[in-house]
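To find a chain, count down the sequence lines: A is the first, B the second, and so on, and within it residues start at 1.
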2 protein chains.
Amino acid sequence: MTDENLIDALKALGHPLRLRIVEALRAGERNVGEIEQATGIAQPGLSQQLAVIRAAGLVQTRKAAKLVYYSLDQAVLAGLRDRIGTFAGTPTDKASAAGPPPTRHPATGVARFARLS
Amino acid sequence: MTDENLIDALKALGHPLRLRIVEALRAGERNVGEIEQATGIAQPGLSQQLAVIRAAGLVQTRKAAKLVYYSLDQAVLAGLRDRIGTFAGTPTDKASAAGPPPTRHPATGVARFARLS
DNA sequence: ATATATTTTCATAAATCGTGTATATGTATT
DNA sequence: AATACATATACACGATTTATGAAAATATAT
């Protein structure tokens with residue numbers, strides 16, 4: 001990961017709407033309509049922010065019929081985490097750690113219950 | 001760490017000059033003149049970027065006579081790393097399921113809503 | 001082909017950011 | 001007090017980003 005890529009990734013995350021989107025994707029892959037429901041971001045703006053996130057390489061996309069499914073690129077995000085880890089005191093011994101560190105908060109997102117009917 | 005703090009930290013790091021500054025501080029505490037030498041950023045601009053980094057809570061400062069020493073706040077940076085780790089550390093949902101279009105957990109109503117014509 | 005659902009792109013005004021120059025605030029030294 | 005040095009802030013202004021609504025591209029079904 002080059003410094004420029006790193007900066008793009010950090011910039012992409014350093015924005016309230018985009019952070020909200022990424023948080024909504026933590027629970028798993030979602031299509032644009034689902035992300036819209038989960039985040040409350042109106043459609044065109046959402047697509048714009050998704051484009052930024054995509055350009056930063058933070059997500060993968062998959063197309064199923066009319067729908068486009070977004071999911072976090074965990075390899076890239078792990079790289080980002082490790083890169084920041086080099087700034088934190090502990091020299092990264094977690095670059096090789098396979099298992100996710102303790103906490104997984106499954107319900108952090110508002111995304112869970114998008115009630116429509 | 002609130003979302004707003006997180007965003008400020010990410011924004012602070014997502015900038016070439018500021019990233020260079022933080023990288024220069026990785027080796028240990030430095031005063032402004034030393035950072036200027038290490039990064040080649042001219043004094044006023046440097047002070048401005050340091051102010052951003054300071055406001056984001058990424059560094060601690062210590063004053064010795066005329067000199068101001070900056071050092072990375074490793075606790076904050078470790079928190080930042082862990083926070084990003086929550087985006088990276090969730091495999092095994094359907095990450096590798098390249099199979100059929102998703103018909104998933106009942107709570108995500110949007111897709112179902114879209115199909116009910 | 002026509003209609004419809006989903007997502008992306010365009011356009012533009014408002015806000016924010018980036019950077020250089022000048023100026024200010026401290027703190028020691030004489 | 002006056003000087004010198006280290007650091008911080010203020011200001012200005014062009015560049016980038018954001019918000020928002022309209023239009024367009026893509027894919028599917030009838």
Side-chain angles (χ1 to χ4, degrees), chain A residues 3-4 7-22 24-25 29-56 58-71 114 116-117, chain B residues 4 7-22 24-25 29-56 58-71 100-103 108-117:
Chain A
D3 270 16
E4 203 194 326
I7 288 171
D8 287 342
L10 291 166
K11 271 202 280 206
L13 286 178
H15 180 283
L17 296 185
R18 292 194 291 264
L19 183 63
R20 212 167 348 139
I21 293 170
V22 169
L25 288 174
E29 97 176 339
R30 297 280 185 271
N31 65 47
V32 178
E34 290 171 333
I35 300 172
E36 181 179 1
Q37 290 294 324
T39 62
I41 304 168
Q43 229 284 323
L46 177 58
S47 215
Q48 248 175 220
Q49 304 307 339
L50 283 172
V52 174
I53 294 172
R54 217 185 315 126
L58 264 39
V59 293
Q60 294 166 333
T61 64
R62 177 175 70 87
K63 231 169 170 176
K66 309 182 196 174
L67 309 178
V68 177
Y69 282 87
Y70 283 80
S71 57
L116 288 179
S117 46
Chain B
E4 204 194 327
I7 288 172
D8 286 343
L10 290 166
K11 271 203 279 205
L13 285 177
H15 181 284
L17 295 185
R18 292 193 290 263
L19 184 64
R20 216 177 333 147
I21 292 170
V22 170
L25 288 174
E29 96 174 340
R30 297 275 187 276
N31 66 46
V32 178
E34 290 171 332
I35 300 172
E36 185 177 356
Q37 290 293 326
T39 61
I41 305 168
Q43 199 274 316
L46 177 56
S47 217
Q48 277 170 176
Q49 304 308 339
L50 283 173
V52 175
I53 294 172
R54 216 186 316 128
L58 264 41
V59 293
Q60 293 165 331
T61 62
R62 177 175 69 87
K63 230 169 170 179
K66 308 184 200 176
L67 307 178
V68 177
Y69 283 88
Y70 284 80
S71 58
T103 332
T108 51
V110 175
R112 187 178 51 192
F113 171 81
R115 300 204 167 245
L116 288 172
S117 45

Q: Rounded to whole Å, how long is the line connecting atom CZ of A/Arg20 with atom P of D/dA19?
A: 10 Å

Q: Measure the CD-CG distance between A/Glu4 and B/Leu19 for me, rounded to the nearest 0.5 Å.
A: 11.5 Å

Q: Over how many whole Å does the gap from A/Ile53 atom CD1 to C/dT8 atom P extend?
A: 11 Å

Q: Please state how far atom CG in A/Asp8 lies from atom C1' in D/dT17, giving the value in whole angstrom units.
A: 14 Å

Q: Any N/O pairs under 3.5 Å between the protein and nucleotides 7-10 of chain D? List them or say none.
A:
residue, atom, partner, partner atom, Å
D/dT7, OP1, B/Val32, N, 3.3
D/dT7, OP1, B/Val68, N, 3.4
D/dT7, OP2, B/Gly33, N, 2.9
D/dA8, OP1, B/Tyr70, OH, 2.8
D/dA8, OP2, B/Ser47, OG, 3.1
D/dA8, OP2, B/Tyr70, OH, 3.4
D/dA8, N7, B/Gln43, NE2, 3.0
D/dA8, N6, B/Gln43, OE1, 3.3
D/dA10, N6, B/Gln48, OE1, 2.7

Q: Between A/Ala56 and A/Asp8, which heavy-atom pair has the shortest distance, and what is it?
A: CB-O, 3.7 Å

Q: Under 3.5 Å, which donor-acceptor pairs link side chains of residues 37-50 of chain B to any protein atom two or more places apart or in another chain?
A:
residue, atom, partner, partner atom, Å
B/Thr39, OG1, B/Ile35, O, 2.7
B/Thr39, OG1, B/Ile41, N, 3.3
B/Gln49, OE1, B/Arg18, NH1, 2.8

Q: Just the rounded figure in Å: distance from P of D/dT18 to NZ of B/Lys11.
A: 9 Å

Q: Whether A/His15 contacts D/dT16 is assessed here as follows: a side-chain N or O lying under 4.0 Å from the phosphate OP1 or OP2. Is that the case?
A: no

Q: Just how far, in rounded Å, is C1' of C/dT19 from CZ of B/Arg18?
A: 12 Å

Q: Report the residues that fulfil salt bridge (Lys or Arg N to Asp or Glu O under 4.0 Å) with B/Arg54, sequence neighbours left out, ordered by chain and then residue number.
A: none

Q: How would you list, by chain and number, every residue that makes a salt bridge (Lys or Arg N to Asp or Glu O under 4.0 Å) with B/Glu34, sequence neighbours excluded?
A: none

Q: B/Ile7 has an atom CD1; how far is it from atom C1' of D/dT17, in whole Å?
A: 15 Å

Q: Nearest whole Å is fine: how far is D/dT17 P from A/Leu13 CG?
A: 16 Å

Q: For A/Leu17 and for A/Lys63, locate the closest nucleotide of DNA chain D by heavy-atom distance; then report the residue assigned to the nucleotide nearer the 5' terminus.
A: A/Leu17

Q: Test of understanding: with side-chain contact (heavy atoms from CB on, under 4.5 Å), list the residues that count as partners of B/Ala64, not counting sequence neighbours.
A: B/Arg62, B/Tyr69

